[in-house]
Amino acid sequence: ATNWQIVNCTTPANYFHVLRRQLARDFRKPLVVMSPKSLLRLAACRSNLSDFDEGTRFKRYIPDEGTTNGTAKAKRVLLCSGKIYYELLSKREELGLDSDVVIGRVEQISPFPFEL
């Protein structure tokens with residue numbers, strides 16, 4: 001087990017939930033958040049109000065929801081973290097590879113694979 005947590009949040013809701021999770025826990029481990037300020041101005045980086053509702057929580061991994069064929073028929077699966085997700089997403093749309101490439105976001109980097 002590790003003695004700290006490292007996250008790289010890609011949505012405002014996940015950022016909120018990781019901070020809330022840190023305060024609500026019975027134990028304390030240092031939390032390192034590596035979200036860049038540029039995501040504050042990025043139009044694609046937003047969350048619905050429903051993502052902040054009761055019963056929602058921090059997502060350690062966010063699967064791709066934007067593929068047209070689903071994940072079973074994808075030719076490539078990319079795992080990334082942070083701001084690079086939005087750059088990969090725009091390039092995938094630009095090249096028309098929505099059905100071939102799946103992009104998954106790893107939000108919690110340490111501990112991995114998600115032990116606490």
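What you see below is based on every heavy atom in this structure, not just the backbone, and it leaves out hydrogens, waters and symmetry mates. Since this is a predicted model, take the numbers as computed values, not measurements.
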Other residues, nucleotides and ligands only: do more than 12 of their heavy atoms fall within 6.0 Å of CZ on R20? yes

For Y15, look at atom OH and say whether over 12 heavy atoms of other residues, nucleotides or ligands are found less than 6.0 Å away. no

Distance-only, no hydrogens or angles: does the R28 side chain make a donor-acceptor pair with backbone N or O of Q22 under 3.5 Å? yes

Lys/Arg N to Asp/Glu carboxylate O, R92 vs D64, below 4.0 Å: yes

Using side chain to side chain contact (heavy atoms under 4.5 Å, CB included), reason through K75 and V101 one step at a time and then give a plain yes or no. CA-CA 6 Å; K75 294 179 182 174; V101 178; over 6 Å; no

Ignoring hydrogens and angles, tell me if any N or O in the side chain of S110 forms a donor-acceptor pair with the backbone of I6 under 3.5 Å. no

Using atom types as modelled and distance alone, determine if a side-chain donor or acceptor of E87 lies under 3.5 Å from a backbone N or O of S90. no

Verify the neighbour count for atom CG of L49: are there more than 12 heavy atoms of other residues, nucleotides or ligands below 6.0 Å? no

T10 and E107: side chain donor to acceptor below 3.5 Å: yes

Before accepting this row, confirm whether a basic side-chain N of the pair R76/D100 lies closer than 4.0 Å to the acidic partner's carboxylate O. no

So, for S50 and T56, which heavy atoms are closest and what is the spacing to 0.1 Å? O-CG2, 3.6 Å

Are L23 and F58 connected into the same hydrophobic cluster when the rule is that any two of I, L, V, M, F, W, Y join if their side-chain heavy atoms are below 4.5 Å apart? no

Rounded to the nearest 0.5 angstrom, the NZ-CG distance for K59 and N14 is 7.0 Å

